[in-house]
Novice: 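This is the structure, below, for whatever I ask next.
Predicted, not measured: the structure shown is a model, and the values here were computed from it.
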Amino acid sequence: HAEMRAYAAGALGDTAIDREQVWGLLEKAIGDPESVVRAQAARALALVGDERSLRLLEEVLLDEDADVRAAVYWLDDRQCERMSAQLETLCNDPDPTVRRVVMDKLAHISSRGKSVSALGRALTDKDPSVREAAVNTLADVGGDAALALVGNALDDPIVDIRSAAMLALRSMGGDQAHALIVDQVA
């Protein structure tokens with residue numbers, strides 16, 4: 001049963017059994033025909049986090065199923081750094097859920113320029129939830145370039161994105177953020 005295989009694959013990342021045994025089982029689960037199993041195996045691979053798991057995760061991020069690619073959610077800071085090129089590629093994923101999940105992960109890449117650039121492009125995404133996630137992540141990334149992009153989001157046609165931009169400016173603080181907020185009142 002696919003559901004049981006999925007539960008078992010997901011649990012492998014939380015278990016304390018021999019890493020060799022876990023890795024072999026996860027490698028098998030990543031090849032399962034059911035996407036629910038592959039998604040749980042991807043989550044477990046991120047939790048295992050050894051070098052071989054990272055190599056296999058790179059392949060997972062190319063999976064045909066969006067739920068499997070969305071396993072990027074489980075990557076930690078070190079894994080995000082190592083997989084920064086793949087994260088940038090996923091910014092153009094056809095599925096908005098994957099693009100939205102990737103936005104948060106971009107804050108964990110040490111190359112702020114790359115993150116801010118990708119987040120800036122996401123502010124023009126056709127899906128409002130992706131644009132809102134980009135605004136929120138820009139606030140986390142910080143810096144002058146991120147602040148300017150958040151300021152641009154104040155002109156988004158969707159009120160939720162404009163509200164997120166206002167909250168982001170408040171959290172970012174500083175004279176430039178204050179000036180952008182004041183301009184909205186004037």
Novice: What distance separates R82 CZ from R55 CZ, expressed to the nearest 0.5 Å?
Specialist: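 So the gap between those two atoms works out to 8.5 Å.
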
Novice: Spell out, yes or no, whether L167 and L119 are grouped together once hydrophobic residues are joined by side-chain heavy atoms under 4.5 Å, including indirect joins.
Specialist: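 No.
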
Novice: Tell me the closest heavy-atom pair linking L154 and A165, and the distance in Å.
Specialist: CD2-CB, 3.7 Å

Novice: Flag yes if more than 12 heavy atoms outside R170 fall under 6.0 Å of its CZ atom; otherwise flag no.
Specialist: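 Check fails, neighbour count at 12 or below.
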
Novice: Drop me the distance from K105's NZ to M83's CE, to the nearest 0.5 angstrom.
Specialist: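 Separation between the atoms: 11.5 Å.
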
Novice: Would you call V135 and L123 a side-chain contact if the rule is heavy atoms closer than 4.5 Å?
Specialist: yes

Novice: Show, in sequence, the C-alpha distance, side-chain angles and deciding distance for M103 and N136, and conclude whether the side-chain contact (heavy atoms from CB on, under 4.5 Å) test is met.
Specialist: CA-CA 9 Å; M103 293 303 108; N136 293 331; over 6 Å; no

Novice: Could you report the tightest heavy-atom contact between V68 and A39, atom names first, then the distance?
Specialist: CG2-N, 3.7 Å

Novice: Any salt bridge between R99 and D127, counting N to O under 4.0 Å?
Specialist: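 Not counted as a salt bridge, because no side-chain N and carboxylate O are separated by less than 4.0 Å.
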
Novice: About how many Å separate CG of L26 and CG of L47, when rounded to the nearest 0.5 Å?
Specialist: 9.5 Å

Novice: How far does CD of E34 sit from CD of Q40, to the nearest 0.5 angstrom?
Specialist: 13.5 Å

Novice: Identify the two heavy atoms, one from P96 and one from V130, that lie closest to each other, and give their separation to 0.1 Å.
Specialist: O-CG2, 3.5 Å

Novice: Tell me whether W74 shares a hydrophobic cluster with L62, the cluster being built from Ile, Leu, Val, Met, Phe, Trp, Tyr side chains joined at under 4.5 Å.
Specialist: no

Novice: What's the shortest heavy-atom distance between A168 and S171, and which atoms?
Specialist: O-OG, 2.9 Å

Novice: Going by heavy atoms in the side chains, are D93 and V102 under 4.5 Å from each other?
Specialist: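 D93 vs V102: side chains apart.
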
Novice: Within this structure, what is the CG-CD distance for the pair L180 and Q176, rounded to the nearest 0.5 Å?
Specialist: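 With rounding to 0.5 Å, CG (L180) is 7.5 Å from CD (Q176).
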
Novice: So, does R69 use its side chain to make a donor-acceptor pair with the main chain of D63 at under 3.5 Å?
Specialist: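 Between the backbone of D63 and the side chain of R69 there is a qualifying donor-acceptor contact (under 3.5 Å).
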
Novice: Does D104 use its side chain to pair, donor to acceptor, with the backbone of R100 at less than 3.5 Å?
Specialist: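 A pair under 3.5 Å: no.
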
Novice: May I ask you to decide if D76's main-chain N or O and Q79's side chain share a donor-acceptor pair within less than 3.5 Å?
Specialist: yes

Novice: Tell me, with the steps shown, if L57 and L75 meet side-chain contact (heavy atoms from CB on, under 4.5 Å).
Specialist: CA-CA 9 Å; L57 273 170; L75 297 179; 3.8 Å; yes

Novice: Tell me if a side-chain donor or acceptor on S115 pairs with a main-chain N or O of A107 at a distance below 3.5 Å.
Specialist: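 No, the answer is negative, given that no donor and acceptor are paired below the 3.5 Å cut-off.
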
Novice: Of all the heavy-atom pairs spanning A70 and V101, show the shortest one and how long it is.
Specialist: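 Heavy atoms of A70 and V101 come nearest at O-CG1, 3.9 Å.
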
Novice: Look at the side chain of T137 and the backbone N and O of A134, then say whether any donor-acceptor pair between them is shorter than 3.5 Å.
Specialist: no

Novice: Step through the shown structure and confirm whether more than 12 heavy atoms of other residues, nucleotides or ligands are within 6.0 Å of CG on D175.
Specialist: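 Result for CG/D175: open.
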
Novice: Check R131 with D156, please: is the shortest side-chain N to carboxylate O separation under 4.0 Å?
Specialist: yes

Novice: Taking all non-hydrogen atoms of both residues into account, name the closest pair between V150 and M172 and its distance.
Specialist: CG2-SD, 4.0 Å

Novice: Donor-acceptor pair, E88 side chain versus K114 backbone, under 3.5 Å?
Specialist: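 Here the side-chain-to-backbone pair does not exist.
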
Novice: Can you measure from CG (L54) to CD (E58) and round to the nearest 0.5 angstrom?
Specialist: 7.0 Å

